[in-house]
Amino acid sequence: MKFKKIPIKYFQRSALDVAPFLLGKLLVRRINNNFLVTRIVETEAYLNDDPASHSFGRITERNKAMYDAGGQFYVYFIYGNYFCVNVVTNVKGHGEAVLVRAVEPVSGIGEMIKNRRNIKNEHDLTNGPGKLCMALNIDKTFYGARTDGEDLFIAYDENPGDFEIGISKRIGLSVSKEIEHRFFIKGNIFVTKHKFNN
DNA sequence: CGACCGATTGACT
DNA sequence: GTCAATCGGTCGG
């Protein structure tokens with residue numbers, strides 16, 4: 001399989017630009033030379049002056065990847081069960097990232113299903129940040145890995161097609177609830193089901 | 001070292 | 001719609 005990986009420089013700008021840019025791009029996982037291909041349909045931007053961001057405050061062992069140069073993955077563990085994957089943005093020292101909240105399976109769906117449990121319907125497979133990491137078997141081994149790497153990378157979709165981008169408040173926060181830094185593909189069934197879907 | 005809490009999910013009313 | 005599981009990260013003593 002041939003992929004056109006996105007050069008790292010495209011991630012070395014504001015998370016607010018990268019978040020909508022990532023919509024419609026491919027998030028690809030290679031396992032044993034088998035490619036699990038997905039299309040990104042929902043993202044959220046986190047800046048370092050945002051109390052909801054893991055980079056808020058100071059540099060710690062967990063958030064240090066966010067302060068490193070853009071174009072690498074920031075993976076974190078949450079609620080004792082789940083991993084979530086982000087793309088670090090901007091140049092070194094900013095503390096920004098874009099959370100990948102939902103993807104649409106393109107190929108390798110059978111393998112993704114094997115990695116998940118209790119799937120209720122088709123879109124349940126990857127319509128959430130924890131779910132997509134399970135389906136693609138993404139864990140902390142990708143912490144700090146480049147976005148143009150071999151086993152997990154981001155690529156252009158050769159035939160992206162037309163879609164409209166929606167913007168809304170972010171999901172699951174107890175602070176900074178009013179900031180509209182969530183971006184999604186309108187009408188896509190893999191976008192997380194919530195109050196803010198248009 | 002102990003205590004608190006979370007960028008979620010799945011089970012349940 | 002509500003709610004608890006579950007444990008690593010973080011911070012205070």
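Here the structure is a predicted model, which means the values were calculated and not measured. In what follows, chains are A, B, ... by sequence order, proteins preceding strands, each numbered from 1.
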So does [X] get a side-chain nitrogen or oxygen closer than 4.0 Å to the phosphate oxygens (OP1/OP2) of [N]?
{"X": "A:Arg116", "N": "B:dG10", "value": "yes"}
{"X": "A:Thr60", "N": "C:dG9", "value": "no"}
{"X": "A:Asn118", "N": "B:dA11", "value": "yes"}
{"X": "A:Ser174", "N": "B:dC5", "value": "no"}
{"X": "A:Arg62", "N": "C:dT10", "value": "yes"}
{"X": "A:Arg117", "N": "B:dG10", "value": "no"}

* To do: May I ask whether A:Tyr46 stacks on the base of B:dA7, given the cut-offs of 5.5 Å between ring centres and 30° between planes?
  => yes
* Asked: Are A:Tyr82 and B:dT8 stacked, counting the six-membered base ring, centres under 5.5 Å, planes under 30°?
  -> no
Inspect the contact between [Y] and [X] and indicate whether a charged nitrogen and a carboxylate oxygen are less than 4.0 angstrom apart.
{"X": "A:Glu104", "Y": "A:Arg39", "answer": "yes"}
{"X": "A:Arg29", "Y": "A:Glu150", "answer": "no"}
{"X": "A:Asp157", "Y": "A:Lys4", "answer": "no"}

* **Considering all heavy atoms, the nearest A:Asn48-A:Phe56 contact** =>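 Taking A:Asn48 first and A:Phe56 second, the nearest heavy atoms are O-CD1, 3.5 Å.
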* **Taking every non-hydrogen atom, the tightest pair across A:Arg13 and A:Thr89** =>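 Smallest interatomic distance, heavy atoms only, reads O-CB, 3.4 Å.
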Side chain of [X]: nearest nucleotide among [options]?
{"X": "A:Asn81", "options": "B:dA11, B:dA7, C:dT6", "value": "C:dT6"}
{"X": "A:Met134", "options": "B:dG6, B:dT9, B:dA7", "value": "B:dT9"}
{"X": "A:Lys120", "options": "B:dA7, B:dG10, B:dG6", "value": "B:dG10"}
{"X": "A:Asp124", "options": "B:dG6, B:dA7, B:dG10", "value": "B:dG10"}

* Which part of the nucleic acid does A:Leu99 contact within heavy-atom distance under 4.0 Å: base, sugar-phosphate only, or nothing? ->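 A:Leu99: base contact, heavy atoms under 4.0 Å.
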* Counting any heavy atom closer than 4.0 Å, what does A:Lys140 reach on the DNA or RNA strands: base, sugar-phosphate only, or nothing? -> sugar-phosphate
* **Side-chain donor/acceptor contact of A:Tyr76 with base of B:dA7 under 3.5 Å** =>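 Yes, a donor-acceptor pair under 3.5 Å.
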Please report, rounded to the nearest Å, how far the [atom2] atom of [N] is from the [atom1] atom of [X].
{"X": "A:Phe77", "N": "C:dG8", "atom1": "CZ", "atom2": "P", "answer": "6 Å"}
{"X": "A:His123", "N": "B:dG10", "atom1": "NE2", "atom2": "C1'", "answer": "14 Å"}
{"X": "A:Tyr74", "N": "C:dG9", "atom1": "OH", "atom2": "P", "answer": "10 Å"}

